[in-house]
Amino acid sequence: METRWIICIHCKKRFYVKNDLLFSKLPLHCPFCDLYFCVDTEKEMIKDRPTASEQGEDNQSGR
Amino acid sequence: MAQDLQSYVNLIKKELPEKLLEINKIVKPKFEVCALAQKFEDKKEYPTLLFTNVENLRGEPNNKLVINLTFRDRLALALGLESSKLGMDFIFKLEKLFAHPIKPIVVSKANAPVRQVIKKGAEVDLESLPVTTHHEMDGGPYFTMMIVCKHPEWAGKAAGIHNVAFHRMEYKGKKELATLITPLHTLSVLKSYRERGLKCPIAVILGHHPLFLMGASARPPMDRSEYDIIGGLLREPLKLVESETLGDDFLVPAEAEIILEGEISTNEYVTEGPFGEWTGYIGAQCVGYKINVNCMYSRENPILVDHFVGHRETHELQGGSRELDLYHRLKEAGCEVKAVHLPSSGCAGFIAYVQIQKMVEGDQWNAAMAAATTGLPKLIVLVDEDVDIYDDSAVLSAVACISQPGIHTQIIRGLRGSILDPAMDHPTMHNLLVIDATKPIDHFFPVKAKIPQEILDRIKIRDYLE
């Protein structure tokens, strides 16, 4: 998957990032609360496919 | 011809006053500027909005900004056409002007209005500008204007050529921007500098006459500068001036509103985006290039030009030169093309309508192949001359009544597409659907129902209403 949804660790809102950023060691930037944060790509459950419930949320988010 | 933005605004006020609205109340740059543009768009109205009282990023008012500048009816006036000439008349005018580029002239620093207020070093302060945030989920405030860079002297055939192109630039701080550079000429310039471990000097043009914007959206060969194209559109040499910090041979437009000078760090990357792109969809957050701004200068009381990216304005600006390119490819392929249109419904790129006169069956597929080489369309619809290609419903009607899926359709897979296409499954490739909605000329097809023309010419509604 080229692009992934991310949940901000502070405000919990969702935005999406390209894989090149996710694995680049650059921080992610929440466009809603302006927080810069890192995700540990080793620890995070990076799934190739969202679960059915996640997919339902993604659809509601306007994908 | 006056080359400055204010003269163009005055022209619109005089010739198309209903297409220019001046807003003097305080407006915030975060969402409010674009919300007003959206409200008009919802009513299918697209006036140029000239704001005189936008807050800057510190909340200070009295800053000028204009949005919805580059609509075709207004561009037509600037090109010396009637504002109603928006179809192939507009394209043929562009063709004539693009065919006669004019080299720019260099004016003295004293005669460059863009140098009226100069700030360098510690004085540089992008926070003093009314940088807008356009859409929810945008990474921050964005400039939506142009970057000028110059092919270095070791760049072969393109050495010394100034390249002008639109790039999104995210505000990151008082002296810092982040930008996404798509793989076109600007990236080629960056690579030339990166090969030698150097930073790439750039100027950011934050507003100018709309013909400057139109020329910047053209795609000349790498060894031709958009400055020449812009001169052709203006019908006179574009006025340039030596840069303030990038060397005397780095030339910037003398009549611009605001210019930033700085450099793109070719080995330093930053988080950039997300951003609502020309497709109307949010482009993902990604790795961007860092821009360090070292100098900014402007007219006194400048007008920052903003682009309502992803909305009708983008399509109207980009569509002109793209339609001309499409038309040329069809002519070069020997097609009897009558008209072309890249509708706003397809973001002026993803959908192409081609009106042709078939001589023999098969001409339409040759036309489609020629149209495919423009690199953007994912849907090409071929129609006869009697179909209005500026009316989506007329084209759909032709598709519905004349074409049969599986017989009059073809899918071509794996063509190079736009990396900003939200539907791309592959990083670089897309598929193309071609629909032949032209009537067959080698066997029977019904005739369209119509009233006799002599009756239509005679009957006047007013003669029958009391």
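Each chain gets a letter, A, B and so on, in the order the sequences are listed, and its residues count up from 1. Note that these values count all heavy atoms, side chains included, but never hydrogens, waters or copies made by symmetry.
- Counting heavy-atom pairs under 4.5 Å between each of A:C30, A:P27, A:S24 and chain B puts A:P27 at the top.
- You'll find the side chain of B:I282 stays beyond 4.5 Å of the side chain of A:F15, heavy atoms only.
- With a 4.5 Å cut-off on side-chain heavy atoms, A:L28 and B:T271 do not count as touching.
- For B:N163, the side-chain hydrogen bond (donor to acceptor under 3.5 Å, both in side chains) partners are B:T186, not counting sequence neighbours.
- Contacts of B:K28 classified as side-chain hydrogen bond (donor to acceptor under 3.5 Å, both in side chains), with partners at least two apart in sequence or in another chain: B:E55.
- With values rounded to the nearest 0.5 angstrom, A:Y16 atom OH is found 5.5 Å from B:M137 atom CE.
- No side-chain heavy atom of A:L26 sits under 4.5 Å from any side-chain heavy atom of B:V270.
- With sequence neighbours left out, B:K378 forms a salt bridge (charged side-chain N to carboxylate O under 4.0 Å, His left out) with B:D421.
- A 4.5 Å side-chain heavy-atom check between B:D138 and A:P31 finds every atom pair outside the cut-off.
- Taking the side chain as every heavy atom from C-beta outward, A:H29 and B:Q285 approach each other to under 4.5 Å.
- Taking a 6.0 Å sphere around CD of B:E136, one finds it holds 12 or fewer heavy atoms contributed by other residues, nucleotides or ligands.
- From A:D20, atom CG reaches atom OH of B:Y269 across 11.0 Å, with rounding to the nearest 0.5 Å.
- The environment of NE2 in A:H10 is sparse: at most 12 heavy-atom neighbours from other residues, nucleotides or ligands sit within 6.0 Å.
- Contacts from residues 167-174 of chain B to chain A, taken as heavy-atom pairs separated by less than 4.5 Å, involve B:E170, B:K172 in sequence order.
- Within 6.0 Å of CG on B:D425 lie no more than 12 heavy atoms contributed by other residues, nucleotides or ligands.
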